[in-house]
Amino acid sequence: MLKLFNTLTGRQEAFESIEPRKVRMYVCGVTVYDYCHIGHARSALVFDVLRRYLEYSGYTVTFVKNFTDVDDKIIKRANEQGVACDAVTAKFIQAYHEDMGKLGIQAATAEPKATEHIGDIIQLTERLIKKGLAYVVDGDVYFEVSKYPEYGRLSKRRLDDLQAGARVDVDQRKHHPMDFALWKSSKPGEPAWESPWGLGRPGWHIECSAMSIRHLGETFDIHGGGMDLIFPHHENEIAQSCGATGKEFARYWVHNGFVQINKEKMSKSLGNFFTIREIFEKSEWPEDITGEILRYFLLSTHYHGPLDFSDQALTEAKNALNGFYDLFHRLSEAGGLGEGDDGSLRTAVERARKSFIQTMDDNLKTSAAIAALQGLRSDVNKLLGVGLSTESRQAARQAFRSLGVVLGLFQLGRWDFNVCVVPKPAQLVLNTFPPAVTIARQIRETEIDGKVAQRIEAKKRRDFKRADEIRAELKSLGITLEDKPDGTTRWKR
RNA sequence: GGCGCCGUACCCAAGUGGUAAGGGAGCAGUCUGCAAAACUGCGAUGCAGCGGUUCGAACCCGCUCGGCGCCUCCA
């Protein structure tokens, strides 16, 4: 039974879906005016994993993630670059899909854009005005916070407290400093739509209410986003939606913690952010490996806490992952026969699976779930030392694959994590290159394999000096060699 | 000022009242021409600090300290 920390109640609660075996969830995506950084990646990944785990647990998940494609920052960016707003948003929506795709983040069931829901937004705004929860001033529409008595229940704030901390430059036309715009009249040159209040565009918060209600209904199961969205964004969504419908909006509110650099929140204003594509560009590893490293890193901490990003952290993730892929490679190789203990394997797999489920059920403790997989890795390595049947080796690999898919890990093929075997000299005529690798990688791997073959020859002549030179040369290029007992050599990055 | 998150070994990180998992790094050993991998062993008498509750606390309560965040756009 899955338990989730619900920001609304401040407690961890057993998750029960409204409809049996079905989950409807909404996650706030990004405002598309720039490339995404790792903070965005973390949020996207956390909810990607939540979705995967719900599906693993047998739910059918309707997962909606929006794009905010009308906003001050977009307008500013478009003006700076002298292009239309929709050129900016189209570019960064595509970039979003590219970047998140590299991280193995699955597309949502629906990915609506604010501009596609102007009608819904206007309708919802009218509904709020009719109910007396919103008022019109000079073509702007504001939500009147004091008319929603429960305002502050998500962020645990009281209007009085907020008022005390409110800044000086409050718009005097507002009834209360915390009143927020549902509809903004537009200046010339800005994107604008016809509305009962004149030409204008939606405020930020209203779009999520309109889109979630449209795609998921007035009450749905899970609403997620980064912790910085709790106030005011999600607070305002609740006020609008519940105000308009008179029903509960989302039942479980899930928020992820920040990615930090040197203990500080990663943010544009501090300039301490790394974009996802920047990391891929700078990575010394190929794209699919870098993606898995990032995923492993981002999941190595519980989603609710802060996570410090650093080169060292990435290296540690890579090292930890190496151990898994080394094992997968061993599992794929022939040999290792002997007095196999296939029953012990089944026991180990079952133990790992139980532990994995138990920790994931406990508010998605991915760090502990990974620990369960590490335990299985250790168990399988030991069993392999004794010997396992071909069937058991396949079953072991399959166990890692099937649990790993929940985290989006361990799906790469036996060759793809840069573990390759150069055959014995007699077999050198055989081409063993994997078909999936890129041309660039093939060329580099060809060179490596040439060196390795030279070294095997040197070893045959018992010219260990030459053999060690080649090893050192490759080591300086980040290539590690492993001589296997059967005379073949395995290399990896 | 209000609200919230976090604080466990060199690093990451479990544990949520019964006497500190796991991984990475490091060191030592087995193996190896040498390495690598794997395996074995070592590694916090202590869980930010101080009090309290308890037979017993990293876990519960109180206070304090430290880091971060939100209250303005922010994943």
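Below, each value reflects all heavy atoms present in this structure, side chains not excepted, and no hydrogens, waters or symmetry copies. All values derive from a computational prediction rather than experimental measurement. Order of the sequence lines sets the chain letters (A, B, ...), proteins ahead of strands, with each chain counted from 1.
- For Phe180(A) and His205(A), the gap between ring centers is short of 6.0 Å.
- Checked against salt bridge (Lys or Arg N to Asp or Glu O under 4.0 Å), Glu278(A) has the following partners two or more places apart in sequence or in another chain: Lys282(A).
- Asp221(A) meets the salt bridge (Lys or Arg N to Asp or Glu O under 4.0 Å) test with no other residue; sequence neighbours excluded.
- For RNA chain B, the residues of residues 33-47 of chain A within the heavy-atom distance limit of 4.0 Å (strictly under) are His37(A), Gly39(A), His40(A), Ser43(A), sorted by number.
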Only distances under 3.5 Å count here; give the side-chain donor-acceptor pairs of residues 352-359 of chain A to other protein atoms, sequence neighbours excluded, each with its distance to 0.1 Å.
from      : atom 1 : to        : atom 2 : distance (Å)
Arg353(A) : NE     : Glu350(A) : OE2    : 3.3
Thr359(A) : OG1    : Ser355(A) : O      : 3.0
Thr359(A) : OG1    : Phe356(A) : O      : 3.0
Thr359(A) : OG1    : Ala369(A) : N      : 3.4

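- Contacts of Ala320(A) classified as side chain to side chain contact (heavy atoms under 4.5 Å, CB included), with partners at least two apart in sequence or in another chain: Tyr296(A).
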Side-chain donor-acceptor pairs of residues 31-38 of chain A under 3.5 Å, sequence neighbours excluded:
from     : atom 1 : to        : atom 2 : distance (Å)
Asp34(A) : OD2    : Lys268(A) : NZ     : 3.2
His37(A) : ND1    : Gly39(A)  : N      : 2.9

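- Listed by chain and residue number, Tyr142(A), Lys184(A) satisfy the side chain to side chain contact (heavy atoms under 4.5 Å, CB included) test with Ala181(A) (two or more places apart in sequence, or in another chain).
- Among the atoms of the strands shown, none is found under 4.0 Å from any heavy atom of Asp72(A).
- For His304(A) and His255(A), the gap between ring centers reaches or exceeds 6.0 Å.
- By the side chain to side chain contact (heavy atoms under 4.5 Å, CB included) test, Ala110(A) is found to be paired with Val64(A), Pro112(A), His215(A), residues two or more places apart in sequence or in another chain being considered.
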What's touching nucleotides 65-69 of chain B from the protein side, N or O pairs under 3.5 Å?
from   : atom 1 : to        : atom 2 : distance (Å)
C68(B) : O2'    : Gln260(A) : OE1    : 3.0

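- Side-chain proximity of Met178(A) to C12(B), U72(B), A75(B): nearest is U72(B).
- Shown here are the side chain to side chain contact (heavy atoms under 4.5 Å, CB included) partners of Phe258(A), two or more places apart in sequence or in another chain: Met227(A), Asp228(A), Lys265(A).
- Contact annotation for Thr301(A): backbone-only contact, meaning every heavy-atom pair under 4.0 Å involves sugar-phosphate atoms and none involves a base.
- A salt bridge does not link Asp468(A) to Arg455(A): none of the charged nitrogens lies less than 4.0 Å from a carboxylate oxygen.
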For RNA chain B, the expected dot-bracket line (Watson-Crick or G-U under 3.5 Å, [ ] crossing, | inter-strand) is ((((((((.[[[..)..(...]]].(((((.......))))).....[[[[[..)....]]]]])))))))....

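- Heavy atoms of Lys475(A) sit nowhere under 4.0 angstrom from any nucleic acid atom.
- Within the nucleic acid shown, Asn381(A) comes within 4.0 Å of sugar-phosphate atoms alone, with no base atom in reach, counting heavy atoms only.
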Identify each atom pair where a protein N or O and an N or O of nucleotides 22-29 of chain B are less than 3.5 Å apart, giving names and distance.
from   : atom 1 : to        : atom 2 : distance (Å)
G22(B) : O2'    : Gln374(A) : OE1    : 2.9
G23(B) : O4'    : Gln374(A) : OE1    : 3.0
G23(B) : O4'    : Gln374(A) : NE2    : 3.3
G23(B) : O3'    : Arg377(A) : NH2    : 3.0
G23(B) : O2'    : Gln374(A) : NE2    : 3.1
G24(B) : OP1    : Arg377(A) : NH2    : 3.0

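- Ring planes of Phe410(A) and Phe400(A): perpendicular class, angle over 60° (limits at 30 and 60°).
- No salt bridge links Glu457(A) with Arg466(A); every basic N to acidic carboxylate O contact stays at or beyond 4.0 Å.
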